[in-house]
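This report refers to the structure that appears directly beneath it.
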Amino acid sequence: MNDTLSRMRHSAAHVLATAVLDVFPDAELGIGPPTDDGFYYDFLLPRALTPEDLKQFEALMRKHVAADYPFEYAEHERSELLERFRRDGQSFKVELIDDLAADETLSTYTSGPFVDLCRGPHVESTGQIGAYKLLSIAGAYWRGDERRPQLQRIYGTAFATRAELKAHLQRLEEAKKRDHRLLSRQLDLFSFNPLVGAGLVLWHPKGGVIRETLEDFWRAEHRRRGYDLVYSPHIGRKELWETSGHTQFFADGLFPEMELENQTFINKPMNCPFHVQIFASGTRSYRDLPLRLGELGSVYRYERSGTLHGALRVRGMTQDDAHIFCRRDQFVDEVSGVIDLTQMILGTFGFSDYAIDVSVRADDDRDKYAGDDELWELAEQGLVEALNRHGLEFRRVPGEAAFYGPKIDVHLVDAIGRTWQLTTIQVDFNLPERFDITYEAADGSGERPVMVHRAIMGTIERFTAILIEHFAGAFPVWLSPVQAVVIPIADRHAEYGQGVVEQLRAAGLRAELDARSERMNRKIRDAQLQKAPYMLIAGDRDIAAGHVSVRLRTGEDLKGMPVDTFLDAVRPVVESRAHDTLGFDATS
């Protein structure tokens, strides 16, 4: 997001607050920042808002935009602002001021009748805001804490021109159609159940096929590239997580502790300490390195209920995790190898457009991070060198590093232009130090290995959700839970249809027979709704000719053909893991 657009959206949030106060003069104000695609403002209001309220707020916003109020910046003494906001009943603003450092500069922006605690920046006046639209209402706990008051958050978006706003709104409509929460129910892939617990995914049989296919693909590629696959427990003693630093640096993400036989256990939030222990289980030589340990490991992280979002953000997740233990002279090559593997895996799903961040420490808050400056600089230089080898552009992002080292974050772009944070590659000199692991160097001395953490899909749950939305539920043939539905026109054709199913299954395809006593058109429609790539229809003429009539989910109705001819076209599509064809000159 460019600076001009950010200023415009931030300014629109202030105008929204002005409009809300017109209707609810006693509203308590939370915060109102710009976002990547718009803005929001949080309010404590006397009643629940409705879509009709949004229309009223928009009309009032138009009035305030037309007034072209200048945004006027002013600095204040702490006591002055505290008195003002206490007088106005703005307890959330008072709390924000109280939490700021004593030497922090306190400032406000005034636009017409509205004054807000704010650092800015803004456009020069409300008339420069551009085209905007209020989108939705949601609940939001104050400061993300479910123990605090629940506010009402109004989301909006703003762009420089009406054409840009219209295009964005069209993308939002398309995104609604692709929402993985809707499609996962329609396609019967997975579900959530309050009796099981929020953020815990129940994989249904069809979703299980997708997961199994993804995992088999992942395992095969990793074995081919020299990874050893391991398994680790779902819990570990508290001392393990104290040694790794997770109880210190990742405390907010840990599930509550469990007591058993006078020992304390914690659900694992990450796999890395277990992999360190596997490395430490025997004597390692420099000749043994690099050692690449991979695991599709289930981890558990406490995410606040308000942040959970279908399978995109959950509490129980399976990471496509791996840790590489190597010498210092090897780690750039190893990072480069991970980048190569990342490009291959993402490319298999048609992802070739992505933005890359190199996430490093915040210069002004070093206490959040473990390890000395020299090693951090060495790690950052290695990540940059590996990216340069591949000719990949990136931006440096301070403050987003893991507590134990800098990292590469890959943000892929999907079919409708949205970005998703996915692959992460992290260099770690810290855990080998904390766990005191070494390998025997060529001269017989003990040396610390470098540890590279990496996950390419991120988590299976999140990656599946992204794929659902990217493909709008119409998965590539190799990944589709049901690849072909055989549809007998009448009951008398069912026996022939069952024989076709068996022939397809023998050839390795996932096929089902729809033998319901429904009209053929209804069966075809249902198969299309299930996004099945192929529908094979069998009637009297087909049986007489020993054929099936093939219909594609894209709508093409092909002529009858022998099952072997169909298989000759489809098998290469499956075996090549093609993401953009059905094998009959039609795209998926």
Side-chain angles (χ1 to χ4, degrees), residues 36-37 171 174-175 177-180 183-184 187 189 207 210-222 224-225 294 296 309-313 317-322 335-359 383 386-387 389-395 397 407-426 454-481 531 533 573-582 587-588:
D36 288 342
D37 57 3
R171 286 193 297 272
E174 180 62 26
K177 298 175 187 175
R178 294 169 176 258
D179 190 323
H180 76 280
L183 288 173
S184 65
L187 302 178
L189 303 180
I210 294 173
R211 176 169 175 158
E212 179 185 15
T213 306
L214 286 174
E215 292 183 354
D216 287 349
F217 166 55
W218 186 92
R219 290 187 183 96
E221 284 303 319
H222 281 71
R224 192 168 68 82
R225 293 174 185 249
L296 290 162
H309 184 79
L312 287 170
R313 190 150 189 177
M317 65 209 79
T318 302
Q319 289 183 308
D320 69 316
D321 213 357
V335 171
S336 180
V338 174
I339 294 172
D340 182 67
L341 178 57
T342 298
Q343 291 179 310
M344 177 269 165
I345 288 180
L346 297 186
T348 299
F349 301 95
F351 298 121
S352 58
D353 186 9
Y354 24 76
I356 298 174
D357 293 340
V358 175
S359 300
L383 294 179
L387 288 168
R389 287 186 188 181
H390 290 265
L392 295 171
E393 295 182 358
F394 61 89
R395 63 172 185 164
V397 184
K407 58 179 179 170
I408 293 171
D409 287 321
V410 178
H411 305 260
L412 62 83
V413 180
D414 74 4
I416 59 173
R418 298 171 300 178
T419 58
W420 304 90
Q421 197 282 318
L422 203 65
T423 302
T424 182
I425 307 168
Q426 305 167 356
R454 40 110 306 187
I456 294 173
M457 297 178 184
T459 72
I460 297 297
E461 291 75 11
R462 178 177 170 79
F463 191 65
T464 301
I466 291 171
L467 290 179
I468 292 170
E469 300 202 2
H470 176 64
F471 292 115
F475 295 102
V477 180
W478 72 278
L479 201 54
S480 293
K531 315 288 187 179
V573 176
V574 175
E575 292 168 0
S576 66
R577 299 192 181 95
H579 61 82
D580 57 356
T581 182
L582 295 178
T587 61
S588 58

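- Under the rule for a side-chain contact (heavy atoms from CB on, under 4.5 Å), the partners of Ala465 that lie at least two apart in sequence or sit in another chain are His180, Ala311, Leu312.
- Between Leu479 and Arg577, every side-chain heavy-atom pair lies at or beyond the 4.5 Å cut-off.
- Looking only at side-chain heavy atoms (C-beta outward), Leu467 and Leu214 come within less than 4.5 Å of each other.
- The main-chain N or O of Ala355 is never found under 3.5 Å from a side-chain atom of Arg395 such that the two would form a donor-acceptor pair.
- Note that CD1 of Ile456 is 9.5 Å distant from CG of Leu422, once rounded to the nearest 0.5 Å.
- In this structure, the side chains of Val573 and Leu582 stay at 4.5 Å or more apart for every pair of heavy atoms.
- Nearest approach of Pro533 to Ser480, heavy atoms of both residues: CG-OG, 3.4 Å.
- Asp340 meets the salt bridge (charged side-chain N to carboxylate O under 4.0 Å, His left out) test with Arg225; sequence neighbours excluded.
- Rounding to the nearest 0.5 Å places CD of Glu215 at 9.5 Å from CG of Asp320.
- Using a 4.0 Å cut-off between a side-chain N of Lys or Arg and a carboxylate O of Asp or Glu, Glu221 and Arg224 qualify as a salt bridge.
- For the pair Ile339/Ile408, a side-chain contact is recorded, criterion being any heavy-atom separation below 4.5 Å from C-beta on.
- Annotation: side chain of Trp478 is in contact with side chain of Thr348 (closest heavy-atom distance under 4.5 Å).
- Closest heavy-atom contact between Met317 and Glu461: CA-OE1, 3.4 Å.
- Note: Thr423 OG1 to Phe351 CZ = 10.0 Å, rounded to the nearest 0.5 Å.
- Distance check, rounded to the nearest 0.5 Å: CG of Asp357 to NE2 of His411 gives 3.5 Å.
- Using cut-offs of 30° and 60° for the angle between ring planes, the Phe463 and Phe349 rings count as perpendicular.
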Please lay out, stage by stage, how Ile345 and His222 fare under the test side-chain contact (heavy atoms from CB on, under 4.5 Å). CA-CA 10 Å; Ile345 288 180; His222 281 71; 4.2 Å; yes
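- Of all non-hydrogen atoms in Asp409 and Ser359, the two that sit nearest each other are OD2-OG, 2.9 Å.
- In terms of heavy-atom proximity, Lys407 sits nearest to Thr424 at CD-OG1, 3.6 Å.
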Distance-only check: which donor-acceptor pairs under 3.5 Å involve side-chain atoms of residues 412-420, not counting sequence neighbours?
{"unit_1": "Asp414", "atom_1": "OD1", "unit_2": "Ile416", "atom_2": "N", "d": "3.0"}
{"unit_1": "Asp414", "atom_1": "OD1", "unit_2": "Gly417", "atom_2": "N", "d": "3.1"}
{"unit_1": "Asp414", "atom_1": "OD1", "unit_2": "Arg418", "atom_2": "N", "d": "2.9"}
{"unit_1": "Asp414", "atom_1": "OD2", "unit_2": "Arg418", "atom_2": "NE", "d": "2.9"}
{"unit_1": "Asp414", "atom_1": "OD2", "unit_2": "Arg418", "atom_2": "NH2", "d": "2.8"}
{"unit_1": "Asp414", "atom_1": "OD2", "unit_2": "Trp420", "atom_2": "NE1", "d": "3.0"}
{"unit_1": "Arg418", "atom_1": "NH1", "unit_2": "Glu469", "atom_2": "OE1", "d": "2.9"}
{"unit_1": "Arg418", "atom_1": "NH2", "unit_2": "Glu469", "atom_2": "OE1", "d": "3.2"}

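- Shown here for Pro481 and Leu189, the closest heavy-atom pair between the two residues is CG-CD2, 4.1 Å.
- To the nearest 0.5 angstrom, Ile466 atom CD1 is 13.5 Å from Arg178 atom CZ.
- Leu296 has its side chain out of reach of Arg211: every pair of non-hydrogen atoms, C-beta onward, lies at least 4.5 Å apart.
- Atom OG1 of Thr213 sits about 10.5 Å away from atom CZ of Phe475, to the nearest 0.5 Å.
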Decide side-chain contact (heavy atoms from CB on, under 4.5 Å) for Leu392 and Gln343; before the verdict, give the C-alpha distance in whole Å, the side-chain angles of both, and the deciding distance to 0.1 Å. CA-CA 11 Å; Leu392 295 171; Gln343 291 179 310; 3.8 Å; yes
